[in-house]
> 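This structure is in structure tokens; I'll ask about it shortly.
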Amino acid sequence: MIALARQYGRYGYRKIAEFLRRAGWQINDKRVERLWRREGLKVPAKQPKRGRLWLTDGSCIRLRAEYRNHVWSYDFVEDRTHDGRKFRMLNIVDEFTHECLAIRVSRKLKSIDVIDVLSDLFILRGVPGYVRSDNGPEFVAKAVQDWITAVGAKTAFIAPGSPWENGYIESFNARLRDELLDGEIFYTLLEAQIIIESWRRHYNGVRPHASLGYRAPAPEVFVSSFAAWPAAQPRPAPPATVALVPRPTLN
């Protein structure tokens, strides 16, 4: 438990308990909580609660994801490398499965980069029903809107100044910053790209999500070495041989 708490410093005892059960321990949350407190481990501090003024036609209420690939949402996050230079991340999330579909990391991201990332995802996963975003210049660019409409999807913009209407991606951005960005120093852009992509895979395949019953959005599937090894190729059949029958001799 201490090793897991050291590895995942921003996880509480419930997520640690889920990791222990995955490892084969028959243990419940209450016992882990008692041991957690006895060892002096601290639950990550919660952010202060803020009142939200929900609109009667808020997009989160009006358009709720009902199945996979129904609603995707995307947004930008900024950070800096050790030399003080900014870099940006374009995060895309499937609101129904809570899976992070992609994180594009670059010094600059424009509307053409949004189209580039979305086009790759559309080819791999199919075209979603809706793509939700805020009213930033990259998202309301006419080129992006025209392209999304041309491929068969629909845009769903949130009301200006209402980030809580895009709650799924805002929650993901908060987890990304809290669990990774606030605790990492990136010396180069390449290092940031590799570490952030590694965290994205962990977020999708390993990290327990409370909203999903402490399951991962896209659990990793492990294949045994024997099953993964290529099957032995069948040997070619030996050439057919014809038995020689001696001719009968005439007396």
Side-chain angles (χ1 to χ4, degrees), residues 59 63-79 81 85-158 166-177 179-181 184 186 188-207 209 212 216-223:
S59 58
L63 179 59
R64 185 177 296 274
E66 299 178 356
Y67 50 85
R68 183 177 181 269
N69 278 358
H70 183 201
V71 182
W72 292 359
S73 57
Y74 58 140
D75 197 9
F76 280 143
V77 172
E78 285 190 356
D79 202 8
T81 49
R85 297 178 61 192
K86 288 184 179 181
F87 66 88
R88 306 187 78 190
M89 290 156 279
L90 173 64
N91 304 331
I92 305 177
V93 174
D94 187 317
E95 294 189 0
F96 183 78
T97 64
H98 297 194
E99 181 182 1
C100 176
L101 305 179
I103 301 180
R104 171 68 66 89
V105 181
S106 183
R107 292 294 182 186
K108 295 181 179 180
L109 290 171
K110 300 180 181 180
S111 58
I112 188 63
D113 300 300
V114 178
I115 295 175
D116 183 47
V117 177
L118 288 176
S119 61
D120 290 342
L121 290 175
F122 286 5
I123 293 172
L124 292 174
R125 297 175 174 268
V127 179
Y130 294 87
V131 180
R132 194 197 313 267
S133 63
D134 64 13
N135 292 268
E138 298 86 357
F139 300 138
V140 299
K142 189 174 186 301
V144 177
Q145 297 184 49
D146 292 345
W147 183 85
I148 291 176
T149 303
V151 296
K154 299 179 181 179
T155 56
F157 294 108
I158 67 173
N166 207 6
Y168 297 95
I169 193 66
E170 292 293 339
S171 175
F172 173 81
N173 293 343
R175 301 286 77 74
L176 172 63
R177 187 167 296 282
E179 297 175 10
L180 179 67
L181 300 180
E184 289 284 348
F186 303 115
T188 64
L189 181 65
L190 178 60
E191 181 184 19
Q193 291 171 341
I194 294 173
I195 293 177
I196 291 171
E197 176 61 20
S198 176
W199 181 87
R200 185 188 73 87
R201 294 176 181 273
H202 170 83
Y203 179 89
N204 288 337
V206 180
R207 182 187 185 276
H209 289 238
L212 300 177
E220 296 177 346
V221 177
F222 296 94
V223 182

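Numbering of residues begins at 1 and proceeds along the displayed sequence.
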> Between F122 and W147, how do the two ring planes meet: parallel, tilted or perpendicular, split at 30° and 60°?
parallel
> Is there a donor-acceptor pair under 3.5 Å between the side chain of D146 and the backbone N or O of A143?
no
> Indicate yes or no: at least one non-hydrogen side-chain atom of L181 is less than 4.5 angstrom from one of V77.
yes
> So do the side chains of N91 and D75 get within less than 4.5 Å of each other, counting heavy atoms only?
no
> If I take atom OG from residue S73 and atom CG from residue L101, how far apart are they, to the nearest 0.5 angstrom?
9.0 Å
> A side-chain contact here means heavy atoms from C-beta on lying under 4.5 Å apart; do W72 and L121 qualify?
yes
> To the nearest 0.5 Å, what is the distance between CD1 (I148) and OG (S119)?
11.0 Å
> Taking all non-hydrogen atoms of both residues, which atom of V127 and which atom of G152 are closest, and how far apart?
CG1-C, 4.1 Å
> Considering residues at least two apart in sequence or located in another chain, which fulfil the side-chain contact (heavy atoms from CB on, under 4.5 Å) criterion with Q193?
V105, L189, L190
> For the atom pair CZ (R175) and CH2 (W199), what is the distance rounded to the nearest 0.5 Å?
8.5 Å
> M89 versus L176: any side-chain heavy-atom pair under 4.5 Å?
yes
> List for me each residue that meets side-chain contact (heavy atoms from CB on, under 4.5 Å) alongside R85, sequence neighbours excluded, and say none if there are none.
T81, D83, R107
> Is there a side-chain contact between R125 and E99, using heavy atoms and a 4.5 Å cut-off?
yes
> With rounding to the nearest 0.5 Å, note down the distance linking OG in S171 to NE2 in H209.
9.5 Å
> For a quick test of reading the model, state the closest non-hydrogen atom pair linking S111 to V144 and the distance between them.
CB-CG2, 3.5 Å
> Using a 4.5 Å cut-off on heavy atoms from C-beta on, say whether the side chain of I92 contacts that of L118.
yes
> What are the two closest heavy atoms between P128 and A153, and how far apart are they?
O-CB, 3.4 Å
> Please examine the side chains of F172 and Y168, heavy atoms only from C-beta on, and report whether any two atoms are closer than 4.5 Å.
no
> Has the side chain of D94 got a donor or acceptor atom that lies under 3.5 Å from a matching backbone atom of N69?
yes
> Can you name the side-chain contact (heavy atoms from CB on, under 4.5 Å) partners of T149, sequence neighbours left out?
none
> Got a sec, which residues hit side-chain contact (heavy atoms from CB on, under 4.5 Å) with K108, two or more places apart in sequence or on another chain?
none
> Under 4.5 Å between any side-chain heavy atoms of L90 and F76, yes or no?
yes
> Which pairs, with at least one residue in residues 191-200 and sequence neighbours excluded, count as a salt bridge (Lys or Arg N to Asp or Glu O under 4.0 Å)?
E197-R200, E197-R201
> With sequence neighbours excluded, give me every ring-ring contact (aromatic ring centres under 6.0 Å, His included) pair touching residues 93-115.
none
> Run the numbers on I196 and F186 for side chain to side chain contact (heavy atoms under 4.5 Å, CB included), then give the verdict.
CA-CA 10 Å; I196 291 171; F186 303 115; 4.3 Å; yes
> Under a 4.0 Å threshold between the charged nitrogen and the carboxylate oxygen, would D116 count as salt-bridged to R104?
yes
